[in-house]
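Notes for the one structure printed next.
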Amino acid sequence: MTLTRRTLLTATGAAVALPTISAFAQGKAEFTLKYANNLPVTHPMNVRAKEMAEAIRTDTKGRVDLQIFPSSQLGSDTDMLSQVRSGGIEFFTLSGLILSTLVPAASITGIGFAFHDYDTVWKALDGELGAFVRKEIAKANLLAMDHIWDNGFRQITSSTKPIQTADDLKGFKIRVPVSPLWTSMFKAFDSAPASINFNEVYSALQTKIVDGQENPLAIISTAKLNEVQKYCSITNHMWDGFWFLANRRAWERLPEDVRTIMAKHINAAGLKERADVAALNANLQKELSEKGMLFNQAKADSFRDRLRQAGFYAEWKGKYGDEAWSLLERYSGKLA
Ligand code: X2X
């Protein structure tokens, strides 16, 4: 029998289409993948991730079932980082600063007061600074998607007093994420930083193990930290984002067409999440005030000057090296 173009197409079409349709109908996917994160389901990260998983299921015709595990259900950030490295989970979103426990260069985007505004952040992160960090991440056998997701500019909350100037941070018991850069920064302010994973922050604040913490308003609100914190000081002391990480072996095992569809939807969801978070961070002050939080605008200069005096910038420039530092300063302007 000679195969005409028409019969060949029908044959392949049928062979591909039949199992796919029945798999879709039974809800049995060819690839079941886990994506874990540390944020509440109500945060834009999880809202956009849910849409993204649906779009991936539809566009792969049911071949991919991306299961989402929010709220540190699978463990702390430290635990989930181990799991994405071993392949226990395939995807994980993590702050570059926490990732720096594995990839030291990844914390460079969180240097205090480096970015003036979101415009500069996205220029840097979607530009050469982001490309540099992604290359460093790849050396650790993890893959970072093109577009980092937003966490936001961070603000300091407290149960004891408003933070107005750098002096108010002296001796202040503040929770910081598990990351050398965060600890170093608050040591430069003469605070007493305690490294605590996010899944334990609410109870650490509630039981007064620490008096304060720092996070963007979108997290303060969705994680209800205002229930256990009275004051919120707008410091904008650093920007933070979440790299969308994949276990490299798991990613490379996926067929190329599946990878293309997934990367497209993950990156698109990240861009939508950025817009959501920026809008929330701009508007939540009113809502949180109505719930009783007391806001104040801190004096950014006093914090920046203190970091400079304490040798914070010089120290980290030495750690990252001149090349990486000048890449940062291309976007931030002169820091040290
Ligand atoms: O742990 C935090 O404070 C958080 C949620 O902002 C990060 O993931 C860095």
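Heavy-atom basis, side chains included; hydrogens, waters and symmetry copies ignored. Counting starts at 1 for both ligands and their atoms, following the listed order.
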*Output yes when the distance from some N or O of ligand 1 to some N or O of R154 is under 3.5 Å, and no in every other case.*
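Yes, since at least one N or O of R154 sits under 3.5 Å from an N or O of ligand 1.
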
*Consider every N or O of N215 and every N or O of ligand 1, then say whether any pair is closer than 3.5 Å.*
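It does: an N or O of N215 is found under 3.5 Å from an N or O of ligand 1.
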
*Should F244 and Y35 be marked as a ring pair (Phe, Tyr, Trp, His ring centres under 6.0 Å) after you check the CA-CA gap, both sets of side-chain angles, and the distance that decides it?*
CA-CA 9 Å; F244 204 105; Y35 159 46; 4.7 Å; yes

Would you say [atom1] of [X] has more than 12 non-hydrogen atoms from neighbouring residues, nucleotides or ligands within 6.0 angstrom?
X    : atom1 : answer
R308 : CZ    : yes
K317 : NZ    : yes
K224 : NZ    : no

I need the atoms of ligand 1 closer than 4.0 Å to a non-hydrogen atom of [X], numbered in the order shown.
X    : result
F242 : 8 (O)
I219 : 5 (C), 6 (O)
S95  : 9 (C)
F198 : 1 (O), 2 (C), 3 (O), 5 (C)

Using a 4.0 Å heavy-atom threshold (strictly under), name the region of [X] that reaches ligand 1: side chain, backbone, both or neither.
X    : value
D240 : side chain
L97  : neither
N151 : side chain

*Using the ring of each side chain (for Trp, its six-membered ring), is F312 parallel, tilted or perpendicular to W316, with breaks at 30° and 60°?*
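Rings of F312 and W316: tilted, as their planes differ by 30° to 60°.
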
*H237 vs F186 aromatic rings, parallel, tilted or perpendicular, using cut-offs 30° and 60°?*
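The arrangement is perpendicular - the two ring planes meet at more than 60°.
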
_For atom 3 (O) of ligand 1, the protein heavy atom that lies nearest, with its residue and separation_ =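 I find the closest protein heavy atom is R175 NH1, 2.7 Å.
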
*Are K50 and E54 close enough for a salt bridge, meaning some N to O gap below 4.0 Å?*
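Looking at K50 and E54, the cut-off is not met.
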
*For the pair E329 and K334, find out whether any cationic side-chain nitrogen is under 4.0 Å from an anionic carboxylate oxygen.*
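Answer for the salt bridge query: yes.
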
_Among L225, N38, N37, which one puts a heavy atom closest to atom 7 (C) of ligand 1?_
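Of the listed residues, N38 has the closest heavy atom.
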
